Amino acid sequence: MPVHNADISAIFEEIADLLEIEAANPFRIRAYRKAARILNELPQDIRILLKQNFSLTQLPGVGDDLAAKIVEIVESGSCGLLRRLHKELPPVITELLHIPGLGPKRVKALYHHLDVHTLEQLHRAAQDGLIRKIPGFGEKTELNILKAVESHASQARRFKLATTTQYANALIAYLKEIPGVLQVTAAGSLRRMRETVGDIDILVTATEHAPVMHGFTTYDEVTQVLSVGKTRATVVLKCKIQVDLRVMPETSYGAALHYLTGSKAHNIAIRRIAQKLGLKVNEYGVFKAATRIAGETEDSVYGAVGLPYIPPELREDRGEIEAAMVGKLPNLVQITDLRGDLHVHTKASDGSDSIQDMVEAAKSLGLEYMAITEHSRHLVMVHGLDANGLLRQCDEIDQINSTLSGMTLLKGIEVDILEDGSLDLPDTILKRLDLVVGAVHSKFNLSRAKQTERILRAMERPHFTILAHPTGRLLENRPPMM
DNA sequence: GCCGTTTTCGGCCCGACTGTTTTCAGTCG
């Protein structure tokens with residue numbers, strides 16, 4: 001069984017969890033977590049890097065010790081430290097850390113006092129009223145644990161960006177109507193445009209706190225108020241998404257937006273830079289001793305630590321800070337940069353509009369070209385086109401093209417890549433098209449080698465132009481092909 | 001456990017809210 005980067009990352013995360021329960025040096029724990037994150041996001045395969053004699057200590061956060069552990073895991077599939085930790089603590093105990101309200105100290109106490117190490121045991125202990133008897137725990141804590149365990153099972157962990165944006169926008173519009181509210185902005189992973197988000201973070205600036213907190217916690221989609229203070233509150237919406245809201249003075253808007261946007265790793269890196277400059281960065285601003293020197297805008301926060309503005313989409317501590325330091329931040333693609341669309345369906349297969357409707361929509365977006373790419377016949381459930389249907393559509397496209405100015409319609413197909421790597425339509429038909437988009441829609445679980453061979457074979461066909469959705473994943477629904 | 005334009009040793013980001021331990025630890029973001 002080959003060891004993937006993600007496997008090593010998972011082992012380091014588990015070690016960090018167990019060390020945390022054992023109350024190990026917090027910085028040692030952080031080192032394991034940082035290395036886990038780096039490995040998880042590393043584009044190159046560790047096994048290949050090792051074969052090329054790459055020195056692992058060149059990776060950020062990886063020193064001699066962790067490099068040796070990575071080699072150990074790649075070679076043996078496991079890690080001695082993790083085996084030792086498992087002798088002291090049952091492996092499944094780390095799942096308790098994922099219950100909101102339970103951290104390492106409480107998990108350790110639950111294990112030592114009640115021998116609880118699974119969710120089921122935790123649930124039973126809470127129902128039996130045993131938890132409140134542990135020193136440091138009380139009736140309320142026990143009730144919160146019970147509720148958390150019960151909702152944990154049914155709760156999806158992350159939500160798609162597009163879905164979350166709808167809920168966030170509705171809430172933002174509502175908050176803007178509250179008297180005294182000046183600005184309402186979505187922050188967090190939503191603002192960083194991550195493909196999935198775990199919760200919604202909202203920043204509000206207002207002349208008064210109280211009306212905002214009252215309005216927020218009584219929003220009619222709120223089903224649970226998890227916490228509410230003077231400047232911060234957390235609720236859960238009907239759709240099960242958690243929302244964190246922070247109310248800040250207007251003068252701290254930039255610093256608060258930076259803090260709430262994250263990512264956590266990016267913020268830590270920025271704070272470390274500030275520290276070296278003798279400054280302190282928090283959500284209220286950038287401080288030199290007790291004097292605030294920046295914080296009204298995000299620009300001012302970055303400026304105070306000697307950096308240009310870094311767009312939210314890049315704030316993951318994946319090299320953007322180093323790039324910013326030397327003036328080499330990339331220019332992000334803007335929606336206005338898009339000149340055409342090469343993957344479009346109409347109601348001829350599983351779309352919902354006519355070609356003409358799609359042309360109008362493309363024109364209104366300022367596109368210069370658009371390819372019509374229906375599914376091919378193999379996808380019966382979406383009325384994929386056969387050769388005759390496709391040829392008829394080609395005639396229709398020619399006809400519409402003759403009436404267009406300033407925009408070109410292209411003839412295409414999203415042709416199925418069959419299990420053996422052949423395409424779902426013959427070359428004699430495909431050669432009449434402007435482009436051929438190939439895609440896998442079935443047999444996602446072939447072996448890695450077979451799947452690769454299948455796709456490579458398809459790409460070698462003479463008229464093949466573009467490979468669509470290369471991994472076949474559906475976010476939160478179907479894992480990528482491996 | 002990592003790291004170094006103050007350091008090869010001594011640091012390591014910062015603050016809010018909750019519940020319970022009557023002054024603060026634990027958890028979270």
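All figures in this text were calculated on a predicted structure; none of them were measured in a lab. Note: hydrogens, waters and symmetry copies are ignored here, and every other heavy atom, side chains too, is used. A, B, ... follow the sequence lines: proteins, then strands. Residue 1 opens every chain.
- Looking at heavy-atom distances under 4.0 Å, A/L81 makes no contact with the nucleic acid at all.
- For A/Y32, whose side chain is taken as the heavy atoms from C-beta onward, the closest listed nucleotide among B/dG1, B/dC13, B/dG29 is B/dG1.
- Here A/P26 lies out of heavy-atom contact (under 4.0 Å) with every strand.
- Side-chain nitrogen and oxygen atoms of A/T231 include at least one within less than 4.0 Å of the OP1 or OP2 phosphate oxygen of B/dC17.
- Using a 4.0 Å heavy-atom distance criterion, A/E20 is classed as making no nucleic acid contact.
- Nucleic acid contact class of A/D201 (heavy atoms, under 4.0 Å, all strands): sugar-phosphate only.
- With hydrogens and angles left out, the side chain of A/N25 and the base of B/dG1 share a donor-acceptor pair within 3.5 Å.
- For B/dG29, its base sits under 3.5 Å from the side chain of A/Y259 at one donor and acceptor pair at least.
- If you check every strand for non-hydrogen atoms under 4.0 Å, A/P100 touches sugar and phosphate atoms only.
- Of all nucleotides listed (B/dC17, B/dG29, B/dG1), B/dG29 comes nearest to the side chain of A/K264.
- Considering only side-chain atoms of A/D244, the nucleotide from B/dG29, B/dG26, B/dC12 that sits closest is B/dG29.
- Separating the CZ atom of A/F27 from the P atom of B/dG11 is a distance of 11 Å, rounded to the nearest angstrom.
- Residue A/L66 is in sugar-phosphate contact alone, with no base atom involved, counting any heavy-atom pair closer than 4.0 Å across all strands shown.
- Using a 4.0 Å cut-off, some side-chain N or O of A/Q242 falls inside it from OP1 or OP2 of B/dG29.
- Applying the Watson-Crick and G-U wobble criteria (two distances, each under 3.5 Å), B/dC28 pairs with B/dG15.
- At distances below 3.5 Å, at least one donor-acceptor pair connects side-chain atoms of A/D337 with backbone N or O atoms of A/Q334.
- Within 4.0 Å (heavy atoms only), A/R272 reaches sugar-phosphate atoms of the nucleic acid but no base atom.
- Contact between the side-chain N/O atoms of A/R28 and the OP1/OP2 oxygens of B/dG1 is found at a separation under 4.0 Å.
- Residue-level contact check: A/K108 touches neither bases nor backbone, having no heavy atom under 4.0 Å from any strand.
- A/R30 comes within 4.0 angstrom of a nucleotide base, judged by non-hydrogen atoms across all strands.
- A/E283 has no carboxylate O lying under 4.0 Å from a charged side-chain N of A/R232, or vice versa, which leaves the two without a salt bridge.
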